[in-house]
Amino acid sequence: MKLIYNVNDKPKFPQLIVYALQQLLAIMTATLVVPVIVGNGMDPAAALLGAGIGTLVYVLFTKKKSPVFLGSSFAFLGSMAAAFAGGVSMQLGYLGLILGAVFAGLVYVVIAIIVKIAGVNWISKLMPAVVIGPIVALIGLSLAGNAVGDLQKAPAGGHPYVAIICGLVTLAVIILCSTYGKKTAKLIPFIIGILAGYAVASIFTIIGNVADIDALKVVDYSPFTALVEEGVTWKTFLHVPGVTFWTAFKGIGEITPTYIGTIAVAYIPVAFVVFAEHIADHKNISSIIEKDLLEEPGLHRTLLGDGIGSIAGAFFGGCPNTTYGESVGCVAITRNASVATIITAAIEAIIVSFLAPLVAFVNSIPSCVMGGVCMALYGFIAVSGLKMIQNVDLGKNRNLFVVSVILISGIGGLSLTFGKVTLTTIAVALILGILTNLMVSKKTSEDGEVENQIIK
């Protein structure tokens, strides 16, 4: 795939602002949802602030060679809930969020040191194309239910068919802009698609309000009305994010060795799961930009960037960060791999977290509209994984078994829980894929020679 903007390219300033905004919109919904799910007073805007800071840390460690945005990780939802379990105070719970991110980040640091000493060949042998390709595809496919669920989601009383129409308009505009668009339109299909879907949803909502038909009401404008509930004040324009560390520092006196152990057990195993997704995402983006990021800037650098960036993100927003498939999908569809765009998107994330009207606008975008966006993003992730195995001979049973085990266990939703630790579907599929590949990696051919199965 020919890139319009390569990694080191820098679009002109006006275009750069718009392209960065598109990256931000692609990752924003998921980033904001994590603190909403966890609850306990966590501020979604602070998570956005943490994502922006974490991404800048990542870019620094990767020497501006990897066009990836970091956002709140869904994999740590259970771990974050454990920080508040047992009726602990909010202050101690927030401190637990930061401690957990430190534990998870240290796992990445340790692995990075190992990779720096031992190199990346063992990774390539452990997770060759026949393993990593289906895993990348599975990441996209596993999110398909979320995209379709959002596509059909309407406010209370709203009709799902109206929501679907708005989402499909969004998807159609994205497809048309990406396929037939010229210059700017081809580079910002998501912004145009979101605006088109939002406009259609607003038309339905206005008609619904005028005619008093709840089924047509799609857009919830309450985030805007909340800005002027107390009149027009500084809060109408400026939002001060509730950063995690401010509350966490008040809980230092409550911490105990038992609580530290609980947090460690909740976070450390999950860090190994996210490590697998880190490899998959970087293999994916490497295939898009046609440069192996595991070699240059090196896996040790991407791991350090991800790990330290995750700690920084949690320090401000409470949520450990991770590389985002939505960001990778955005790069693939727009063919804009400019790291300058990622840096600008991170700066915009920090700025937006303080601007109340923009936060309100993002919160008012209907789920169905973002569902249309995600259908494109998640689909591209899945297809990117399938492209990785296009040179793998699936006519050979040994390859067929590896791919089959990964896809069926993953699509079937196989996950394992050990106490407070849950191995996600992606993690279980990866483990089974690696074990299957190792089991069949050497095969005695008819002439008695041993055939090495490792696929480069």
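- For Tyr324, the ring-ring contact (aromatic ring centres under 6.0 Å, His included) test picks out no residue, with sequence neighbours left out.
- The closest side-chain heavy-atom distance from Ile365 to Met370 is below 4.5 Å.
- A side-chain donor from one of His239 and Asp43 sits under 3.5 Å from a side-chain acceptor of the other.
- At least one side-chain heavy atom of Pro11 sits under 4.5 Å from a side-chain heavy atom of Ser338.
- Ion pairing of Lys63 with Glu296 is present here, as a side-chain N (NZ or NE/NH1/NH2) and a carboxylate O approach within less than 4.0 Å.
- The aromatic ring centres of Tyr58 and Phe69 sit 6.0 Å or more apart.
- Atoms CG and CD1, from Leu358 and Ile351 in turn, are 10.0 Å apart once rounded to the nearest 0.5 Å.
- Using cut-offs of 30° and 60° for the angle between ring planes, the Phe76 and Tyr267 rings count as parallel.
- With hydrogens and angles disregarded, a donor-acceptor distance shorter than 3.5 Å links the side chain of Thr244 to the backbone of Gly318.
- Annotation: Lys116, atom NZ; neighbour count of heavy atoms from other residues, nucleotides and ligands within 6.0 Å does not exceed 12.
- Checking side-chain atoms of Gln390 against main-chain N and O of Leu386 turns up no donor-acceptor pair under 3.5 Å.
- Between the side chain of Ser367 and the backbone N or O of Asp150 there is no donor-acceptor pair closer than 3.5 Å.
- When all heavy atoms of Ala337 and Leu3 are compared, the pair lying nearest together is CB-CD1, 3.9 Å.
- With contacts defined as side-chain heavy-atom distances shorter than 4.5 Å, the pair Val68/Val331 does not qualify.
- Counting only distance, with no hydrogens or angles, the side chain of Lys153 and the backbone of Cys368 share no donor-acceptor pair below 3.5 Å.
- Thr170 contributes atom OG1, which lies 11.0 Å from atom CD1 of Ile175 (distance to the nearest 0.5 angstrom).
- Put simply, the side chain of Glu348 gets close to the backbone of Leu21: a donor and an acceptor are under 3.5 Å apart.
- For an aromatic pair to be called close, the ring centres must be under 6.0 Å apart, and Phe249 with Tyr94 fails this.
- When side chains are defined from C-beta on, Leu25 counts as touching Ile194, because their heavy atoms get closer than 4.5 Å.
- With contacts defined as side-chain heavy-atom distances shorter than 4.5 Å, the pair Leu97/Phe84 qualifies.
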Begin with the C-alpha distance, continue with both residues' side-chain angles, and end with the deciding distance and a verdict on side chain to side chain donor-acceptor pair (under 3.5 Å) for Ser310 and Asn321.
CA-CA 4 Å; Ser310 185; Asn321 292 332; 5.7 Å; no
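- Interatomic distance, CG of Asn121 versus CG of Leu126, reported as 12.5 Å (0.5 Å rounding).
- Shown here for Gly52 and Ala349, the closest heavy-atom pair between the two residues is CA-CB, 4.1 Å.
- Between the CG atom in Asn336 and the CD1 atom in Ile188 there is a gap of 11.5 Å [rounded to 0.5 Å].
- Leu432 is not listed as a side-chain neighbour of Ile406, based on a closest heavy-atom distance of 4.5 Å or more.
- Between atom CG of residue Leu151 and atom CG of residue Leu168 there is a gap of 5.0 Å, rounded to the nearest 0.5 Å.
- For Thr302 and His278, the side-chain atoms include at least one donor-acceptor pair closer than 3.5 Å.
- One distance of note links CD1 of Ile27 with OG1 of Thr55; it measures 7.0 Å at 0.5 Å rounding.
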Give the C-alpha distance, both sets of side-chain angles, the deciding distance and a yes or no for side chain to side chain donor-acceptor pair (under 3.5 Å) between Gln23 and Ser327.
CA-CA 6 Å; Gln23 265 282 349; Ser327 173; 3.1 Å; yes
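- Between Phe61 and Ile308, the closest side-chain pair of non-hydrogen atoms falls below 4.5 Å.
- Contact of the Pro67 side chain with the Ile285 side chain is registered, since non-hydrogen atoms from C-beta on lie closer than 4.5 Å.
- Within 6.0 Å of CZ in Phe245 there are more than 12 heavy atoms belonging to other residues, nucleotides or ligands.
- Here the closest non-hydrogen pair linking Leu70 and Gly54 is CD1-O, 3.5 Å.
- Environment of NZ in Lys65: crowded, with over 12 heavy atoms of neighbouring residues, nucleotides or ligands closer than 6.0 Å.
- For the residue pair Leu99 and Ile260, the shortest heavy atom distance occurs at CD1-CG1, 4.4 Å.
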Show, in sequence, the C-alpha distance, side-chain angles and deciding distance for Tyr198 and Ser364, and conclude whether the side chain to side chain donor-acceptor pair (under 3.5 Å) test is met.
CA-CA 9 Å; Tyr198 195 100; Ser364 73; 2.8 Å; yes
Chi angles and distances behind the side chain to side chain contact (heavy atoms under 4.5 Å, CB included) call for Met80, Cys319:
CA-CA 8 Å; Met80 294 171 70; Cys319 305; 3.7 Å; yes
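- Formation of a donor-acceptor pair under 3.5 Å by the Ser66 side chain with backbone atoms of Thr62 is not found in this model.
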